[in-house]
Amino acid sequence: MENVESLNAAGIGVRFGGVIALEDVSLEIVPGEIVGLIGANGAGKSTFINVLSGFQRPSTGTVRLSGRDLRGMPSHLVARAGVVRTFQAVRLFSELTVAENVAAVAAVRGEAAASSRRLLATVGLESAADKTAAALSYSDQRKLAIARALALSPRFLLLDEPAAGMSPDEALTLGAALRDLVAERGIGLLLVEHNMDLVMSVCQRLVVLDVGRVIARGTPAEVRADPAVRAAYLGGVPHGTA
Amino acid sequence: MPVRLQTVAILALLILAATLPGYLGTAATQRFAIDMMVKLVFVIGLSIFVSNTGVLSFGHAAFASIAAYSAAWFTVPPITKKVFLPDLPAWIIGTDLGLWGGMAVGMALAALCGLVIGIAVVRLAGIGASIATLAFLAIVYTTFSHATGLTKGTASLIGLPLVVGLPTATAVALAALAVAALFSASSVGLMLRASREDEVAASASGIAVRALRLVAFVLSAAVVGASGVLQGHAIGILSVGQFYLELTFLTLAMLVIGGQRSLSGAVVGAIAISFIAELLRMLAGGITVFGLAIPQMPGLREVGLAVIMLGVLMLRPKGITGNREFSLPRWLGGGTKRRESR
């Protein structure tokens, strides 16, 4: 029914025993847009990324990539199909070099190491190529995680708190880099992030989760003005520091 | 760290240098050198799986056993087979393939068993996988102990042609080195080392962790199998006890002490521990130094190796090589490329 390229999650519900982690969450991302997924800790944001990337089988609902059902597909095949994620905890290949971190993933697509070097240059890590990943600074580790994800040439990229631990300046640079990335590669980006300045400045659309349910969706301006969001999430938290 | 050509060259020279005592001395030193090469092939084969996947295996001695016996089925003279191995099919009893044919059969069967057991092992994570390999070792040991018509059971199988000398054993060790280096340098090796560092992130990066681990397990089983075939045809006798816990822990100690995450570690560990174990064995037999008689100390070898293992684990947990590969710039540059992490 859909020939249009999109990542579509419909009616996603996840239950851990009696605990409802997600209930009836729907979200569609198309190439070239940046969608922000926000919500307080424990709202279900990471669980939702786990569902989209094949790490968590939803109890209800479907995930479709351009019409193709991804439910039950192992995570490595979801990644190869074009839906690639990063982790809140970064999870680099610590003892490998920076170049090897990217080359190992490029090898999945049968690509040579040269393309990995170019990718490192795009995130500004080419001079650190021969360092071990564990020796990188925290913000450089997050950049490497993004370069590693890009090595798979994803159609949809799911970033789980990429700006965590970054200074405001670094977050600003990251935001610009993400916009360039989406513009150049035409990928669709899902951004889970607590840094409201970053989210408000780069995302075209926002979806707000609260205890597993969508409580608001719309443009950053609409979401900011939404009373339900203010009550559940933004209320009481000084703007830009959450 | 990838294995570079110069690393392989350095390791090959090291292996050749280690065999020198075998050419200079007596029959005993020759036996020692051959045994060192046999162990080296085992440890290199083991490292193909352990170094690249980070999963310890306690079961590889079973592959040496399977290959050693199945090779012997095709190299022991038919007359001897009829007497000692009456349960073998007639066509096997009548077939003599020679050392290399036997080795091919042995390695193939070890690889096949590796494939079957590996499918289960790679589904398990971490220590669970290791325990499963130990169970496999026990199963093979028990089965071979009772399959009297195929293995002579707990008695020794004699009559294997003594066709493995030091040059042959060394050649196989160098071949094993080449196979391990090629695998490590391949994209499969790189993807496996990524999964060794973080299995979840590897999976999220599109790496088919289980399938690649299975590839490493099968290749590793085949190379370790070659070690078993060498051993049988170097000493002419097989017994199931040769391929059980003692061999398992000796070879694991070699790998861990050398540095379990690099090929250099496997080679250095196997050679260093072979020399130390031989020295301890001689000391244990009792010697006289400057007129002072040192009495026999049975078990000194085992105790000494345990002490060394403890020392390495406490003082240098990444092994003698620190899990790095040898390279000339590192030595010439006074360790400027030295990388420490975490």
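Because the structure is a prediction, the values reported are computed rather than measured. Numbered from 1 within each chain, the chains take letters A, B, ... in sequence-line order.
Looking at A:Ala103, both its backbone and its side chain come within 4.5 Å of chain B, counting heavy atoms on both sides. Contact of A:Leu77 with chain B is not made at all, since no heavy-atom distance falls under 4.5 Å. Residue A:Ser53 does not touch chain B at all, counting heavy-atom pairs closer than 4.5 Å. Looking at B:Val200, the atoms closer than 4.5 Å to chain A (heavy atoms on both sides) sit in the backbone and in the side chain alike.
A donor-acceptor pair under 3.5 Å links the side-chain atoms of B:Asn52 to the main chain of B:Ile48, judged by distance alone. Side chain of A:Asn101 to backbone of A:Thr97: a donor-acceptor contact under 3.5 angstrom is found. No side-chain donor-acceptor contact under 3.5 Å links A:Ser26 to the backbone of A:Ala10. A:Glu33 places a side-chain N or O within donor-acceptor distance of the main-chain N or O of A:Val30, the cut-off being under 3.5 Å.
Closest approach of A:Ala151 and A:Leu119 over heavy atoms only: CA-CD1, 3.3 Å. Taking every heavy atom of both residues into account, B:Ala202 and B:Val209 meet most closely at CB-CG2, 4.0 Å.
Top candidate by heavy-atom pairs under 4.5 Å with chain B, chosen from A:Gly54, A:Ala104, A:Ala79, is A:Ala104.
Residues from residues 110-129 of chain B never place a non-hydrogen atom less than 4.5 Å from a non-hydrogen atom of chain A.
Using a cut-off of 4.0 Å between Lys/Arg side-chain N and Asp/Glu carboxylate O, B:Arg193 and B:Asp198 are scored as not salt-bridged.
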Audit row: B:Phe63, B:Phe217, ring pair (Phe, Tyr, Trp, His ring centres under 6.0 Å) steps and yes/no:
CA-CA 11 Å; B:Phe63 297 124; B:Phe217 197 72; 5.6 Å; yes
